[in-house]
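Take a look at the structure set out below.
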Amino acid sequence: MNHRTRIKLCGLKRPIDVQAAAAAGADAIGLVFYPPSPRYVSATEAAKLLECLPPFISSVGLFVNAEVELVREIVAAAPISMLQFHGDESPDQCVRIAEAVGRPFLRALRIRSETQPADLLESAHRYRGASPLFAGLLLDTWSDAYGGTGKAFNWSLVPAEIARLAVLSGGLNVQNVTDAVRRIRPHAVDVSSGIEASQGVKDPALMQAFVNAVRVGDADSDRR
């Protein structure tokens, strides 16, 4: 059976970028609700962006150590499809927030150089057991700061049983995503800085090129 890698284009701030993401064939868009980020959007701004989103494209809200009430207020104003926790949230905190707003959640793991495949398996098992609202892991590169780094981590650390259910992130771009899809066969890929003309401003041509590069990786993998 042919595998189609899902694609999330993250850090969108302008209606024109949401429209371009949909036209390029994205499966999901990401909205950043972390004020220090140059890609931050308010609940009011997010609501206007969601108005541009056609049916059957998911919207994911990225949060960093947010309180339940803040997430509740944002979801009430901008009804995103899914939560993405990118801070130091424990499994219990993730579950508590997800249950409060009735949304599934992704847990971002920032991969260190010393991370082992067994660590990823243990994390997936722990979150899966914590709640049926857990949708999967998003694998990103370690940084002392929160949010994306624009740098790739060692993909060989990702075991196959994790990859098929995970979102691969961290330094993906048009030049390397085909190889990432061939090698890792992730369920989905996530990109932000790799499709930008400048911080927070997406490039429609890069969005389309990124989607096309993912599809090349899918086709190459299916021929193996």
Side-chain angles (χ1 to χ4, degrees), residues 1-14 16-32 39 52-60 62 81-82 84 106 108-111 115 117 120 124 135-142 147-224:
M1 181 173 67
N2 292 348
H3 172 74
R4 188 177 78 84
T5 305
R6 271 56 178 180
I7 300 170
K8 173 172 169 268
L9 304 182
C10 194
L12 277 59
K13 294 187 62 172
R14 306 181 303 167
I16 192 172
D17 293 336
V18 173
Q19 294 161 356
D27 298 283
I29 64 164
L31 305 177
V32 178
R39 300 168 186 91
C52 305
L53 198 63
F56 306 119
I57 298 180
S58 299
S59 52
V60 183
L62 187 155
S81 310
M82 183 178 291
Q84 178 179 319
L106 291 168
L109 293 185
R110 293 174 289 158
I111 310 300
T115 299
L120 302 181
L137 297 175
L138 183 143
L139 308 177
D140 201 354
T141 306
W142 171 260
T149 65
K151 298 179 180 179
F153 63 90
N154 181 3
W155 297 333
S156 67
L157 294 172
V158 184
E161 54 267 56
I162 292 294
R164 65 185 180 86
L165 297 173
V167 182
L168 182 65
S169 186
L172 295 179
N173 54 48
V174 174
Q175 289 72 37
N176 66 11
V177 73
T178 298
D179 187 46
V181 170
R182 286 192 195 115
R183 290 172 54 186
I184 308 301
R185 302 301 300 276
H187 175 71
V189 292
D190 183 337
V191 63
S192 183
S193 61
I195 52 169
E196 288 185 337
S198 59
Q199 274 194 337
V201 177
K202 304 307 182 190
D203 182 325
L206 283 178
M207 288 186 187
Q208 188 65 68
F210 184 87
V211 171
N212 293 346
V214 173
R215 297 295 165 241
V216 171
D218 283 341
D220 288 350
S221 298
D222 289 336
R223 283 194 289 266
R224 291 183 179 182

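Basis for what follows: all heavy atoms, side chains included, without hydrogens, waters or symmetry-related copies. Starting from 1, each residue takes its place in the sequence as its number. Predicted, not measured: the structure shown is a model, and the values here were computed from it.
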### Task
Write down the atom of Leu172, the atom of Ala180, and the distance for their closest heavy-atom approach.
CD2-CB, 4.0 Å
### Message
Is the shortest side-chain heavy-atom distance between Asp179 and Trp155 below 4.5 Å?
### Response
yes
#### Entry: Closest non-hydrogen atom pair between Val181 and Gly217, with its separation
CG1-C, 3.6 Å
### Message
With side-chain contact (heavy atoms from CB on, under 4.5 Å) as the test, pick out the partner of Cys10 among Ser192, Ser169, Ser193.
### Response
Ser192
### Rounded distance (nearest 0.5 Å) linking atom CD1 of Ile195 with atom CD1 of Ile7
10.0 Å
### Summary
Between Thr141 and Ala152 the two heavy atoms that sit nearest each other are OG1-C, 3.4 Å
#### Entry: For the student: nearest non-hydrogen atoms of Ile162 and Ala124, plus distance
CD1-CB, 3.5 Å
### Message
Let me confirm one number: the SG-CZ distance from Cys52 to Arg14, rounded to the nearest 0.5 Å.
### Response
12.0 Å
### Message
Just verifying a value: how many Å separate Arg4 CZ and Arg215 CZ, rounded to the nearest 0.5 Å?
### Response
5.0 Å
### Query
Can you tell me if CD1 on Ile16 sees more than 12 non-hydrogen neighbours from other groups inside 6.0 Å?
no
#### Entry: Contact check, side chains of Met82 and Leu106, non-hydrogen atoms, under 4.5 Å
yes
### Query
How far does CG of Leu109 sit from CG of Leu137, to the nearest 0.5 angstrom?
5.0 Å
### Query
To the nearest 0.5 Å, how far apart are CG in Asn176 and CZ in Arg183?
10.0 Å
### Query
Side chains of Lys8 and Val60: does their closest heavy-atom pair fall under 4.5 Å?
yes
### Query
With side chains defined as the heavy atoms from C-beta onward, is the minimum distance between Arg185 and Arg164 less than 4.5 Å?
no
### Closest heavy-atom pair and its distance - Thr178, Ala213
OG1-O, 2.7 Å
### Message
Side chains of Phe210 and Leu9, heavy atoms from C-beta outward: is any pair under 4.5 Å?
### Response
yes
## Note on the structure
Partner of Gln84 under side-chain contact (heavy atoms from CB on, under 4.5 Å), picked from Val167, Leu31, Asp190, Val32, is Asp190
### Separation of Ile111 CD1 from Asp140 CG (nearest 0.5 Å)
8.0 Å
### Query
Going through the distances and angles, do Arg182 and Asp218 end up as a salt bridge (Lys or Arg N to Asp or Glu O under 4.0 Å)?
CA-CA 7 Å; Arg182 286 192 195 115; Asp218 283 341; over 6 Å; no
### Query
Ala166 and Leu139: which non-hydrogen atoms are nearest, and at how many Å?
CB-CD1, 4.1 Å
### Query
Given side chains that start at C-beta, do those of Lys13 and Lys202 come closer than 4.5 Å, heavy atoms only?
no
### Query
Would you say Ser58's side chain and Ala28's backbone share a donor-acceptor pair under 3.5 angstrom?
no
